[in-house]
> 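Starting off with a structure, shown below.
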Amino acid sequence: MKVGALKEIKPGEARVALTPDSAAQLQKLGHDCFVQSGAGEKAGFNDATYEAAGVTVVADAQALVDAADIVIKVREPELDEVKRLKQGQTLISFFWPAQNADMLEAAKDTGATVIAMDMVPRISRAQKMDALSSMANIAGYRAVIEAGNNFGRFFTGQVTAAGKIPPARVLIVGAGVAGLAAIGTSTSLGAITMAFDVRPEVAEQIESMGAEFVFLEFDEPAQDGAATGGYAAPSSPEFREKQLAKFRELAPTTDIVITTALIPGRPAPKLWTEDMVKMMKPGSVIIDLAAEKGGNCDLTAMDERVVTDNGVIIVGYTDFPSRMATQSSTLYATNIRHMLTDLTPDKDGVIKHNMEDDVIRGATVTHEGAITFPPPPPKVAAIAAKPKEKVKELTPEEKRAAEVAAFKAQTKQQVTLLTVAALLLLAVGLVAPASFMQHFIVFVLSVFIGFQVIWNVAHSLHTPLMAVTNAISSIVILGALIQVGSSSLLITILAAAGIFMASINIFGGFLVTRRMLAMFQKS
């Protein structure tokens with residue numbers, strides 16, 4: 001089939017849905033590729049580059065729609081673009097069906113199939129087509145770069161001849177894909193990074209990236225991210241008040257705030273209020289990645305940079321992925337290519353729209369003249385990681401009490417064992433001859449002393465297993481040295497063999513340990 005990429009008409013949009021590399025992959029699936037002239041110019045892909053990759057360049061949008069069976073683009077289509085579609089065609093793009101009911105009706109009336117890239121279910125198998133995550137990753141990275149562009153200091157702390165420069169303190173609200181990308185970039189630049197999310201299961205991810213998780217002491221049970229398709233769910237009023245109180249506590253000492261909180265199908269929650277902005281220091285920066293959905297900050301203005309009366313800079317740009325158009329286009333085109341791979345299972349250039357497939361059904365919003373939005377929940381739900389239980393730190397008094405209790409328990413156990421052993425010896429002594437008891441007592445004491453020597457040996461130069469093995473070999477050597485001077489030739493030979501084999505074991509243990517330690521040394 002013929003796959004055609006439209007040129008984006010939204011002002012400032014620089015991305016394109018088809019790159020020369022993705023076109024080469026689509027051609028291997030049996031598809032012919034078309035692109036509207038100039039579609040990739042702002043992303044660094046000119047018409048000549050497409051032609052060199054075997055892509056047909058057409059003059060305008062109408063010619064492309066007339067030529068293509070599958071139309072691909074980035075932004076949600078305008079009404080005029082939808083009306084160009086015809087029966088049997090497929091449109092693949094962002095669509096936002098919950099917010100664009102009129103557009104959904106218009107697409108249904110054309111008889112075209114619409115696959116919304118923003119509706120791809122967040123399950124493991126669909127990660128390769130998750131365009132929301134791809135774009136959010138870029139937006140999170142770019143948000144930190146934009147913050148640095150507006151912030152008047154270094155991110156990392158420095159000590160120079162001219163004075164000491166403190167590190168920037170960065171707070172990231174929301175630890176989804178965009179938030180985690182922002183955390184990684186911020187920590188790599190040397191800032192003191194804190195992050196908050198309503199899902200406690202992401203705390204481990206945040207801490208593993210070198211940031212501090214802002215934890216709320218609250219008894220409300222956490223909402224499992226799996227229940228909301230991997231997104232955070234709306235919080236209760238009590239939780240929200242606790243959350244805002246924590247943000248007010250952090251606001252005076254925070255230099256940069258990056259907000260990423262979004263709830264599907266709802267306006268962005270207001271998390272950074274006007275009074276928090278007034279608490280911040282002059283020169284502080286707020287980057288609001290939710291500006292397109294109303295913003296997480298009360299003072300955010302969409303697509304504008306605002307400076308408040310107290311000198312706080314609030315950036316509400318909505319085109320962060322477009323500001324890195326080459327990278328964004330490459331990732332988005334790869335998402336589209338994976339979607340078309342699933343739609344072309346036989347790699348013969350023929351689309352098979354399988355509505356039993358979780359991913360294809362979830363992303364399809366109109367099909368065969370009917371609206372198929374909203375989709376049923378996927379059969380396979382996302383599985384959220386279970387949070388680790390926080391281990392309560394003991395006070396010095398509690399630690400001392402625990403040590404005393406452990407010592408008492410150990411003493412009681414040892415006294416009990418010695419008492420039982422003594423009673424057994426007395427029982428044996430009542431029936432056994434005196435000559436036997438002399439040797440038996442020596443044997444029992446030898447076993448006890450040997451056990452203590454072996455299991456209490458230090459592991460400083462060995463692994464525990466190697467240390468125990470060498471301790472056993474040492475005891476073998478001591479016993480053999482005592483017997484090697486025996487008048488019996490057989491006992492002497494056996495003792496010498498025992499010394500030889502135990503020595504090999506000990507020296508071999510040291511050699512193995514040396515080689516293991518060398519593995520962790522710099523060459």
> Do we see a donor-acceptor contact under 3.5 Å between the side chains of Ser134 and Asn137?
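Short answer, no.
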> As an exercise, state the distance from CE of Met279 to OG1 of Thr273, rounded to the nearest 0.5 Å.
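Interatomic distance, Met279 CE to Thr273 OG1, rounded to 0.5 Å: 7.0 Å.
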> Find out whether Lys399 and Thr395 are in side-chain contact, i.e. whether some heavy atom of one side chain is under 4.5 Å from a heavy atom of the other.
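The answer is no; the side chains never approach within 4.5 Å.
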> State, with a plain yes or no, whether a side-chain heavy atom of Leu132 is found less than 4.5 Å away from one of Arg122.
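When only atoms from C-beta onward are counted, Arg122 and Leu132 do touch, with a gap below 4.5 Å.
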> Without hydrogens or angle criteria, can the side chains of Asn354 and Arg361 be said to hold a donor-acceptor pair below 3.5 Å?
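Arg361 and Asn354 do not have a side-chain donor-acceptor pair below 3.5 Å.
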> State, to 0.1 Å, how close Ala301 and Val306 come at their nearest heavy-atom pair, and which atoms those are.
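That closest heavy-atom pairing would be CB-CG2, 3.8 Å.
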> Are Arg125 and Asp357 close enough that some pair of their side-chain heavy atoms sits under 4.5 Å apart?
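Side-chain contact under 4.5 Å: yes.
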> Restricting to salt bridge (Lys or Arg N to Asp or Glu O under 4.0 Å), what partner residues turn up for Glu274, sequence neighbours left out?
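Result, salt bridge (Lys or Arg N to Asp or Glu O under 4.0 Å) vs Glu274: Lys278.
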> Rounded to the nearest 0.5 Å, how far does CD1 of Ile115 lie from CG of Leu343?
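So the gap between those two atoms works out to 4.5 Å.
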> Which distance, rounded to the nearest 0.5 Å, do you find between the CG of Leu104 and the OG1 of Thr372?
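Between atom CG of Leu104 and atom OG1 of Thr372 there are 8.0 Å.
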> Using the ring of each side chain (for Trp, its six-membered ring), is Phe94 parallel, tilted or perpendicular to Trp96, with breaks at 30° and 60°?
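Because their plane-to-plane angle is under 30°, the rings of Phe94 and Trp96 count as parallel.
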> How far apart are the closest heavy atoms of Asn310 and Met280, and which atoms are they?
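Between these two residues, the closest heavy atoms are ND2-O, 3.4 Å.
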> Should Glu249 and Lys246 count as an ion pair when the cut-off is N to O under 4.0 Å?
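Looking at Lys246 together with Glu249, the answer is yes, because their closest N to O distance falls below 4.0 Å.
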> Would you say CZ of Phe213 has more than 12 non-hydrogen atoms from neighbouring residues, nucleotides or ligands within 6.0 angstrom?
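For Phe213, atom CZ is crowded (more than 12 foreign heavy atoms under 6.0 Å).
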> What's the separation between atom OG1 in Thr260 and atom CG in Asp288, rounded to the nearest 0.5 Å?
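Going from OG1 on Thr260 over to CG on Asp288, the span is 9.5 Å.
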> State yes or no: are the ring centers of Phe34 and Tyr50 separated by less than 6.0 Å?
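Here the rings of Tyr50 and Phe34 have centres that are no less than 6.0 Å from each other.
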> May I ask you to check whether over 12 heavy atoms, not counting those of Arg248, lie within 6.0 Å of atom CZ?
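Counting other residues, nucleotides and ligands, CZ of Arg248 exceeds 12 neighbours.
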> Could you give the distance from CG (Leu340) to CG (Leu26), rounded to the nearest 0.5 Å?
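Going from the CG atom of Leu340 to the CG atom of Leu26 covers 5.5 Å.
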> Give the minimum heavy-atom separation between Pro321 and Ser328, together with the two atoms involved.
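Closest approach of Pro321 to Ser328, heavy atoms only: O-OG, 2.5 Å.
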> Is there a side-chain contact between Ile286 and Val277 (heavy atoms, below 4.5 Å)?
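The answer is yes; the side chains approach within 4.5 Å.
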> For a 4.5 angstrom cut-off between non-hydrogen side-chain atoms, does Lys42 reach Ser322?
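Heavy-atom side-chain distance check fails, nothing below 4.5 Å.
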> Could you give the distance from CG (Asp255) to OG (Ser284), rounded to the nearest 0.5 Å?
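Reported value, rounded in 0.5 Å steps: 5.5 Å.
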> Any chance CG of Asp102 has more than 12 other-residue heavy atoms, nucleotides or ligands included, within less than 6.0 Å?
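It does not: Asp102 CG has 12 such atoms or fewer within range.
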> Checking Asp21 against Thr19: is there a side-chain donor and acceptor pair closer than 3.5 Å?
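No, no side-chain donor-acceptor pair sits under 3.5 Å.
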> Flag the pair Leu64 / Leu6 as yes when at least one side-chain heavy-atom distance between them is below 4.5 Å, and no otherwise.
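Side-chain contact under 4.5 Å: yes.
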> Closest approach of Gly190 and Pro167, non-hydrogen atoms and distance?
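In terms of heavy atoms, the two residues are closest at O-CB, 4.1 Å.
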> Side chains of Ile287 and Thr259, heavy atoms from C-beta outward: is any pair under 4.5 Å?
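No, side chains not in contact.
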> Does a donor on one side chain and an acceptor on the other come within less than 3.5 Å for Thr344 and His31?
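Note: Thr344 and His31 side chains meet the donor-acceptor criterion.
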> Among Glu78, Glu81, Glu13, which one satisfies salt bridge (charged side-chain N to carboxylate O under 4.0 Å, His left out) with Lys73?
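Of Glu78, Glu81, Glu13, salt bridge (charged side-chain N to carboxylate O under 4.0 Å, His left out) with Lys73 is met by Glu81 alone.
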> Not counting sequence neighbours, list each pair that qualifies as a side-chain hydrogen bond (donor to acceptor under 3.5 Å, both in side chains) and has a residue in residues 170-196.
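Qualifying pairs: Ser186-Thr193.
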> Hey, what's the ring geometry for Phe247 with Trp272, parallel, tilted or perpendicular (30° and 60° as the breaks)?
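Tilted: the ring planes of Phe247 and Trp272 meet at 30° to 60°.
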> Any side-chain heavy-atom pair from Val71 and Ile92 closer than 4.5 angstrom?
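The answer is no, as the side chains (C-beta and beyond) never meet within the 4.5 Å cut-off.
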> Which residues pass the salt bridge (Lys or Arg N to Asp or Glu O under 4.0 Å) test with Glu146, not counting sequence neighbours?
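Glu146 satisfies salt bridge (Lys or Arg N to Asp or Glu O under 4.0 Å) with Arg142, Arg323 once adjacent residues are dropped.
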